[in-house]
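Accompanying notes for the structure given below.
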Amino acid sequence: MARAFKDLHVAVLMGGLSAEREVSLSSGEQCAQALERQGVRVSRVDAGRDLANVLSGLIKPDVVLNCLHGAWGEDGCVQGVLETLRIPYTHSGVLASALAMDKDKSKAVLRAAGIKVPGGGLYDRHEVASRHVIDPPYIIKPNAEGSSVGVFLVPEGANGPQAEVGYPEWPYGEQVVVEPYIAGKELCVTVLGEPAGPRALTVTDITPTKGFYDYEAKYAPGGSVHVLPAVLPAAVFEKALRQAEAAHVAMGCRGVSRSDFRYDDVKDDLVLLEVNTQPGMTPTSLAPEQAAHTGMSYDDLVRWMVEDASCPR
């Protein structure tokens, strides 16, 4: 018989080893407090390479709430550790996590599912730093990072490429994704992978206050303005919901996912940029904001994630 929610011992994984460590610490602390408000026993774990020993030897939780972001915590590595330890955990499994973190491969899967994704491709970072590999304007981003870490916009008319990508201290891998810049609205859709099928919550229109939706715009207070529900033609709104659900299925996600889109309202063109398997849970994050819009409080969402992880699969 499954244990009652309040009887669970939940280990909240946060921090970690990636460039998104600070965001993860914020997400994890917010989630830990939400669980404690509901009477759940919580162990906060700043996840390091001794994670297996910590979980199996010291903590022995019933469930893991994975609030890690970026490489190692979100790309299938930690998921593999948890599978080996046979500890139920939130969000997507090994394969979906690894796939979603590889932007180039995930685009191939989404395209095969009939979902429109950006053009461009994967390039050696030194080549990208030395010349325009596609015509500006275009976006450069690491192939396996999230939260807009290491993302650059090369504008139309730029004299040269983004030299920083070629610096010796560049920390985000030897290959980068280069995609045509898609003008228009920045949209996102959160999906809950419920037993009856994935359920998209709503569509948010994001307007950065400083011109480009980068790391600071995502997480700094006042960095962006969120309009929800987004003001869109009804057909476009519905299409974004359905495509986010289709992407959740195509990628093999479970739990919560978030799909990010660009909508060119001049060309009437909706393009899915990427799928996030562990959306942020900070005070400025989109997933809890969308959940609240549908009547699900922050605490309700955290409880849903833990209960979903606890269900037999």
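Predicted, not measured: the structure shown is a model, and the values here were computed from it.
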Could you check whether any side-chain heavy atom of [X] comes within less than 4.5 Å of a side-chain heavy atom of [Y], counting everything from C-beta outward?
X    : Y    : answer
Y181 : L153 : yes
V165 : Q162 : yes
Y138 : H132 : yes
V306 : S310 : yes
L232 : Y263 : yes
V227 : T204 : no
L187 : L270 : yes
H91  : S97  : no

When rounded to the nearest 0.5 angstrom, what is the spacing between [atom1] in [X] and [atom2] in [Y]?
X    : Y    : atom1 : atom2 : answer
L58  : K60  : CG    : NZ    : 7.5 Å
S106 : R111 : OG    : CZ    : 9.5 Å
C188 : L286 : SG    : CG    : 4.0 Å
C77  : L17  : SG    : CG    : 10.0 Å
D75  : L68  : CG    : CG    : 10.0 Å
M101 : S92  : CE    : OG    : 12.5 Å

query = Can you list the steps and then say if D205 with L228 is a side chain to side chain contact (heavy atoms under 4.5 Å, CB included)?
reply = CA-CA 6 Å; D205 180 358; L228 73 161; over 6 Å; no
note = With V10 as partner, the option from V302, V64, L65, I59 fulfilling side chain to side chain contact (heavy atoms under 4.5 Å, CB included) is L65
Cationic N near anionic O, under 4.0 Å, [X] to [Y]:
X    : Y    : answer
E36  : R41  : no
K185 : D264 : no
R21  : D46  : yes
E274 : K107 : no

Tell me if a side-chain donor or acceptor on [X] pairs with a main-chain N or O of [Y] at a distance below 3.5 Å.
X    : Y    : answer
N143 : Q175 : no
S26  : V23  : no
D300 : S297 : yes
D62  : H9   : yes

Between [X] and [Y]: side-chain donor-acceptor atoms closer than 3.5 Å:
X    : Y    : result
S285 : T282 : yes
Q33  : E29  : yes
Q278 : H69  : no

inquiry  = Can you confirm whether more than 12 heavy atoms, excluding those of D135, are under 6.0 Å from its CG atom?
reply    = no
query = Which atoms form the tightest heavy-atom contact between P288 and G280, and what is the distance?
reply = CD-O, 3.7 Å
task = For side chain to side chain contact (heavy atoms under 4.5 Å, CB included), just list the numbers for E74 and T277, CA-CA rounded to whole Å, side-chain angles, deciding distance to a tenth of an Å, and then say yes or no.
result = CA-CA 7 Å; E74 195 174 354; T277 54; 3.7 Å; yes
request  = Applying side chain to side chain contact (heavy atoms under 4.5 Å, CB included), run through L35 and C31 and close with a yes or a no.
outcome  = CA-CA 6 Å; L35 290 170; C31 287; 5.5 Å; no
Test applied, salt bridge (charged side-chain N to carboxylate O under 4.0 Å, His left out); reference residue, E179; option that passes from K103, R262, K141 = K141
task = Tell me, with the steps shown, if I206 and S224 meet side chain to side chain contact (heavy atoms under 4.5 Å, CB included).
result = CA-CA 7 Å; I206 307 156; S224 59; 3.9 Å; yes
query = Does R254 make a cation-pi contact with Y89, if we ask for NZ or CZ under 6.0 Å from the ring centre and within 45° of the axis?
reply = yes
